[in-house]
Amino acid sequence: MVTLSTKSDQKILLELKGVKKYFPIKGGILKRVQGHVKAVEDVSLQLFEGESLGVVGESGCGKSTLGRAILGLEELTEGKIHFRNEEIQDLKRKEKLKFVKEMQMIFQDPYASLNPRQRIGHALEEVFTMHTNMSAKEKRSSVIDLLNEVGLKEEHFERYPHEFSGGQRQRIGIARAIALNPSFVICDEAVSALDVSVQAQVLKLLKTLQEKYQLSYLFISHDLGVIRYFCDRVLVMYLGNTVELGTVKGVFANPLHPYTQALLSAIPRPSVQKNTNRIRLQGDLPNPADPPSGCPFHTRCPIAQDICKINKPDWQEIEPGHFAACHYVGTKI
Amino acid sequence: MTNAILTTDIRTSGIKKKEKVYITTLKRLLKNKLAIAGIIIILVQITMAIFAPIIATHDPVKQNLIASELPVFSEGHWLGTDNYGRDVWSRIVYGARISLLVGVTAVSLGLIGGITLGLLGGYYKKLDGIIMRVVDLLFSFPGILLAMLIIAVLGTNLVNVAIAISIWSIPTCARIVRGSVLSIKEKEYIMAIKSLGASDFRIMMRHILPNAFAPIIVFGTMRMATAILSTASLSFLGLGAQPPTPEWGAMIAQGQAYMWTSPHLTIVPGIAIMLIVFAFNVVGDGLRDALDPNMDIQ
C-alpha cells in the first residue's frame with residue numbers, strides 16, 4: 001500500500017480497509033431481514049500519529065457510526081481495521097482491552113454520557129479500576145491530577161454530573177478519555193452541544209492535550225468552522241460514502257467534489273452584501289436503506305450527467321494526498 | 001498536612017451532597033399526608049415487632065380457660081381474650097413480628113430473583129425470549145393458587161409461605177426491571193462505559209441497576225402489602241402459621257367460629273391487617289410520586 005499523504009513521513013496509526021456497516025431492517029410477521037440501512041459504505045482511510053482528521057457530513061451520513069465501528073461498539077459488516085498494524089475488528093473483549101487503553105472516545109452529549117447516579121470522581125476512578133492495579137490512594141491522586149489537567153478542581157471529586165455545566169461535563173468526558181494515556185481519541189461531535197464560547201475553551205483544551213500527549217484525533221463534526229480551526233485533514237462523507245479527503249488547506253481552498261463545494265458555500269460569512277454565490281442543493285438526503293444507483297450524490301448534484309446514474313465513481317487521488325470520488329472531479333459549480 | 005485537610009473537606013462536602021439527594025426524596029414524600037400516616041403505621045408495627053416481649057402484656061400462647069372470650073376493655077386484657085383465654089393484644093403484638101418477618105423475607109427473595117431475571121433478560125437479547133416465557137408461565141397461575149401449590153409441595157410452615165410468596169413476586173419484578181433495563185441500556189453513558197472496556201457484569205451492577213432503582217423501591221414497598229396480606233390469607237386457609245402461633249390470618253380463622261359471641265376475635269386482627277396493608281400501599285404510592293424521574297437527580 002502506498003502511503004498517500006502529504007505527511008508521508010508520519011507513521012500510520014490506524015487504517016481502515018473497505019469498512020462497511022449495514023443495519024438490518026426487520027419487518028413482517030416473521031421478523032425477517034427485508035433490507036439494510038447502509039450506514040457506512042466501503043470506507044478506506046489512514047490516520048497518522050499526532051494528526052487530527054476531521055469527518056464532516058450531514059446528519060445521518062454515517063460519521064458517528066464510523067467512529068463507533070472503529071472502537072468496536074458496532075460490529076462491522078465487512079472490512080478490516082488495523083491499529084498499529086494489528087487487526088482489531090474481530091477481537092474478543094479480553095483481547096481488546098489493551099487496545100481500549102489506546103483508543104478512546106469523547107461523546108456528543110455531555111448530559112447523557114455520564115451516569116447520573118455516579119459521582120464524577122468515582123466515574124474516573126472506575127477507569128483505573130478496570131485497567132490498572134492501583135491502590136485506592138493512587139487512584140484518587142491520579143483522578144485529582146486528571147481533574148486539574150482538564151481545568152476542574154479537586155473539590156469536584158464528590159459531585160454528581162447534574163451539578164456541572166455542559167462545558168464542565170465535557171471536560172469530565174475528556175478526562176475520562178485521556179485517563180489511560182491513549183494515543184487515539186475519537187471526538188464524536190464533542191463540542192456540538194456546547195455554547196460557542198465554551199466550544200472554544202474545550203477545543204483549546206483538546207489542542208493542548210494533543211500537543212502534550214501526541215494524541216491523534218478523529219474529529220467528527222458537522223461544523224466546518226470548527227474543523228477548519230482544529231483539524232489537519234478532513235474527510236467528507238455523504239450517505240455512508242467517502243466523497244473527498246484531503247488536507248484542510250487543500251480541501252477548503254480547492255474543493256474537488258460538488259458536494260464539498262456546496263458544503264463550503266454554506267458556511268456563513270459575515271458580509272454586508274447578500275451572499276449570492278451560495279450553492280443550494282435541491283431535495284433531501286436519499287433514504288440510506290435504498291441508496292441511489294451509481295454515484296450516491298447524483299440525485300442532488302447540479303452537474304450530474306447520465307453516467308453518474310449508472311456508474312459509481314472511483315475513489316481516486318487527484319492531487320497528492322487529495323482524494324475525491326466524482327466523474328467530473330474539479331468542475332466548479 | 002494541607003492535603004489531609006483538603007481531603008476531609010471534600011469528604012464532608014460530598015456527604016452533604018449525598019444526603020441532599022435522599023433528603024429531596026424524603027421531603028417530597030413527607031408532603032404527602034397519607035404517606036406520613038402510612039409511615040407512622042409502619043413504624044408502629046416495626047416497634048411492636050422489635051419490642052414485642054416488652055409491649056405485650058401476657059404470654060401470647062398461654063391459655064387461661066377461666067378468662068376466655070373476654071370482651072374488649074376488660075380489666076387486664078384491653079383487647080379481650082380469645083376462646084382459650086389468650087390475651088388478644090399480646091397475640092396482635094407478636095403477630096406483627098411474624099407478618100413483618102415473613103413479608104420482608106418474601107419480598108427480599110422475590111426482589112433478588114426478579115432483579116436477576118430482569119437484568120439478564122433486559123441486557124442479553126438471547127436470554128430475553130427464554131426468561132420472559134418462563135415469567136409468562138408464572139404469570140398464568142393465579143397467585144394464591146401458585147402459592148398453595150408450592151406449599152403443598154414443600155409443606156405447611158411460615159418459611160415455605162415466604163418462599164411461595166417470593167416466587168409469586170418474581171414475574172412482576174422481573175417485568176419491571178427488564179423494562180427499565182431496556183431503556184437504560186440504550187443511554188449514551190452505557191455506550192461510554194462500554195467504550196472504556198467495562199465488563200457486562202460491571203455495566204449491569206454499577207451502571208444499569210442504580211439507575212433502575214426507583215421503580216424497584218416502589219415495587220418492593222407495594223409488594224410488602226401484598227406479601228403481608230397473602231401470608232394472612234394462607235394462614236387463614238390453614239396453609240401458613242399453625243396454632244398456637246399468633247399469626248393475624250390464623251387468628252381470624254380461629255375467631256370466625258365465635259363471630260357472633262365475640263366479634264372482636266376477628267375484627268381486631270382484621271383491622272391490624274387492613275392498617276398495615278393500607279400503610280405499605282400509600283407509602284408505595286407516595287414513593288412513586290417522590291421518585292418521579294423528573295426529580296432533580298438526573
Short side-chain to backbone donor-acceptor contact, H131(A) and L196(B), under 3.5 Å: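 Yes: the side chain of H131(A) pairs with the backbone of L196(B).
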
Derivation and outcome, side chain to side chain contact (heavy atoms under 4.5 Å, CB included), residues I193(B) and E126(A): CA-CA 9 Å; I193(B) 199 74; E126(A) 195 175 14; 3.6 Å; yes

Just verifying a value: how many Å separate [X] [atom1] and [Y] [atom2], rounded to the nearest 0.5 Å?
| X | Y | atom1 | atom2 | answer |
| --- | --- | --- | --- | --- |
| L114(A) | K187(B) | CG | NZ | 13.5 Å |
| I208(B) | R117(A) | CD1 | CZ | 14.0 Å |
| E188(B) | D188(A) | CD | CG | 7.0 Å |
| S195(B) | I70(A) | OG | CD1 | 13.0 Å |

Residue selection (most heavy-atom pairs with chain B, distance under 4.5 Å) from D109(A), L180(A), I106(A):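 Most pairs with chain B among the choices: D109(A).
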
Contact class of R202(B) relative to chain A, heavy atoms under 4.5 angstrom: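 Contact with chain A is through the side chain of R202(B) alone.
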
Within 6.0 angstrom of F213(B) CZ, more than 12 heavy atoms from elsewhere: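 Not buried by this count: 12 neighbours or fewer within 6.0 Å.
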
Greater than 12 external heavy atoms within 6.0 Å of K80(A)'s NZ: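 No - once you tally the heavy atoms of other residues, nucleotides and ligands closer than 6.0 Å, there are 12 at most.
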
Contacting region of L71(A) [heavy-atom separation from chain B under 4.5 Å]: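 The answer is the side chain of L71(A).
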
Atom group of H122(A) that falls short of 4.5 Å from chain B, counting heavy atoms: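 Neither; nothing under 4.5 Å.
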
Validation row: Y189(B), P161(A) side chains within 4.5 angstrom (heavy atoms):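 Answer no - side chains too far apart.
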
Candidate pair K194(B) and R68(A), rule side chain to side chain contact (heavy atoms under 4.5 Å, CB included), full reasoning: CA-CA 11 Å; K194(B) 242 186 222 170; R68(A) 289 176 180 190; over 6 Å; no

